[in-house]
Amino acid sequence: MAYILVLNPIILGSAQDKFGHRLDSVQLTTATALVAAVMTIVMGVGGNLPLAIAAGLGLNAVVAFQIAPLMSWDDAMGLIVIEGLVICVLVVTGLREAVMHAIPQGLKQAIGVGIGLFIAFIGFVDAGFASRVPDAAHTTVPVQLGATGALTGWPVLVFCLGVLLTVGLLARRVRGAILISIVAMTLVAMLIDSLADIKSWGLTTPAWPDQVVAAPDFGLLGRFSLFGAFGQTSVITVVLLVFTLVLSDFFDTMGTVVGISAEAGLLDDEGKVPHLGRVLLIDGAAAVAGGAASSSSATAYIESAAGVGEGSRTGFSNLVTGGLFGLALLLTPLLTIVPLQAAAPALVAVGFLMMTQVKNIDWDRYEIAVPAFLTIAAMPFTYSITNGIGAGFVAHVLIKSVLGRAREVHWLMWAVSALFLVYFAIDPVEQLLGVG
């Protein structure tokens, strides 16, 4: 899991909010480590499961590339807090069961696959392997290889070698493959930087810091605005953004909790997770903590399976994992020397791992396959997770209706799909209402 201490600051730190502001990478590293340390320990004590918590990949991409451009960082983090509170309410009221049954399994899996492709695309772009074709080129091709149609420069080479190393280690089932690759390619980047004349590595230059240990910088803690987003964009957009966060976090957590508990042999005779309500409530609280600390929504990690594989069966292992995240608070200078090109291969690898869910989708049934395809394709092609979810939901309702099976669609799906229709047609709707 340690790779999140590098990836989360890179993803959030590489984005700008509506006003052109960026988050400080050192403060992001501190906030990421702090939330992971505290909430992992809380899960261990309160849930008594070997289920570690940290900033969620995919969720942070939504915040960085979709929410922040519409508002300030404080407003964006306020939406994360709201998302966590909504999840807590769903758990306490028992509505999570209704939400779980409302969305077809194929769409749930497609959302995970689409987010995986989106994350991988971000990795390719951040590393400079792919780039936007300049408008001056007058071409309909939106992206190209490298900055000029060809791969040039040492930094891109570091990324390419990192991808090859990461996939090779994953193929060999090497433990800690992603982390090993990040460390190895950072060392390679440092060596190249000392020997070659590099114009720019991007946001981070791989140079050894003046000090390895430093006092943590808690400057981002508490910097959120709970309702500020409503003054920056339309209410419908805000509602759908929160819905997207809840959807991604909620089902990802359910899958992770059930999967880890099953692997650890902790499910009861009916296949249920022990203390599930308490576990989901803590996970919702972790989202609130992530937003309050400006480190994005925190959630349960599937990498907890590594601990289960080594024998973890109780929350005691969380005390060790949380303690190590706490130790990382003092090592921010060492963690912030990793360049994008050394970390981006991890995004490609995570994208691949999330993509494997595609095999569980029934591609022979159009009412499942078409919405799933639109969900998966629209996310990377429109650079928006919300757009992908919306396309899938609307297509699902439409196809079910065309087939004369509208009654099979849950009322929640009808309601959310109606919101998405307004979201996609917001410009003509505003003009009709005279507010455009």
Q. Does Phe124 have any ring-ring contact (aromatic ring centres under 6.0 Å, His included) partners at least two apart in sequence or in another chain, and if so, which?
A.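 If we apply the ring-ring contact (aromatic ring centres under 6.0 Å, His included) test to Phe124, skipping adjacent residues, the hits are Phe129, Phe159.
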
Decide if atom [atom1] of [X] counts as having more than 12 heavy atoms of other residues, nucleotides or ligands within a radius under 6.0 Å.
X      : atom1 : answer
Phe218 : CZ    : yes
Trp154 : CH2   : no
Phe243 : CZ    : yes
Phe230 : CZ    : yes

List the atom of [X], the atom of [Y], and the distance in Å for their closest heavy-atom pair.
X      : Y      : value
Ser296 : Val63  : OG-CG2, 3.8 Å
Ala229 : Val238 : O-CG2, 3.8 Å
Phe19  : Met71  : CE1-C, 4.3 Å
Leu49  : Ser261 : CD1-OG, 4.0 Å
Ile53  : Ala298 : CG2-CB, 3.9 Å
Gly84  : Ala287 : CA-CB, 3.6 Å

Is the backbone of [Y] close enough, under 3.5 Å, to the side chain of [X] for a donor and an acceptor to pair up by distance?
X      : Y      : value
Asp283 : Ala300 : yes
Arg313 : Pro50  : no
Thr205 : Ala207 : no
Ser131 : Gly128 : no

Solution key, residues 112-119 side-chain donor-acceptor pairs under 3.5 Å, sequence neighbours excluded:
none

**Q.** Audit row: Ser72, Gln232, side chain to side chain donor-acceptor pair (under 3.5 Å) steps and yes/no
**A.** CA-CA 8 Å; Ser72 71; Gln232 298 294 331; 5.8 Å; no

Taking side-chain contact (heavy atoms from CB on, under 4.5 Å) as the test, write out the residues that go with [X], two or more places apart.
X      : value
Gln16  : Arg22
Leu421 : Val394
Ala343 : Val6, Leu7, Ile10, Val338
Ala285 : Met39

With a cut-off of 3.5 Å and sequence neighbours excluded, list every side-chain donor-acceptor pair involving residues 318-329.
from, atom 1, to, atom 2, distance (Å)
Asn318, OD1, Leu51, N, 3.2
Asn318, ND2, Thr40, O, 2.9
Asn318, ND2, Leu51, O, 2.9
Thr321, OG1, Ser317, O, 3.1

In a table with atom names and distances, give each donor-acceptor pair under 3.5 Å that connects a side chain of residues 179-186 to protein atoms at least two apart or in another chain.
from, atom 1, to, atom 2, distance (Å)
Ser181, OG, Gly162, O, 3.4
Ser181, OG, Thr166, OG1, 2.6
Thr186, OG1, Ile182, O, 2.7

Q. Got a sec, which pairs hit salt bridge (charged side-chain N to carboxylate O under 4.0 Å, His left out) with one end in residues 201-225, sequence neighbours left out?
A.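 Output for this query is empty, none listed.
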
Q: Scan side-chain atoms only and decide if Ser234 and Thr237 contain a donor-acceptor pair under the 3.5 Å cut-off.
A: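 Yes - a donor-acceptor pair under 3.5 Å links their side chains.
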
Q) With sequence neighbours left out, what residues match Arg175 under salt bridge (charged side-chain N to carboxylate O under 4.0 Å, His left out)? A)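 Partners of Arg175 by the salt bridge (charged side-chain N to carboxylate O under 4.0 Å, His left out) criterion, ordered by chain and then number, come out as Glu310.
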
Q: Kindly write out the residues that satisfy salt bridge (charged side-chain N to carboxylate O under 4.0 Å, His left out) with Arg278, not counting sequence neighbours, or none if the list is empty.
A: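 For Arg278 there are no salt bridge (charged side-chain N to carboxylate O under 4.0 Å, His left out) partners, ignoring immediate neighbours.
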
Enumerate, atom names and distances included, each donor-acceptor pair closer than 3.5 Å involving a side-chain atom of residues 373-380, sequence neighbours excluded.
from, atom 1, to, atom 2, distance (Å)
Thr375, OG1, Pro371, O, 2.8
Thr375, OG1, Gly388, O, 3.4

Q) Parallel, tilted or perpendicular for Tyr423 and Phe420, by the 30°/60° rule? A)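 Tyr423 and Phe420: perpendicular rings.
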
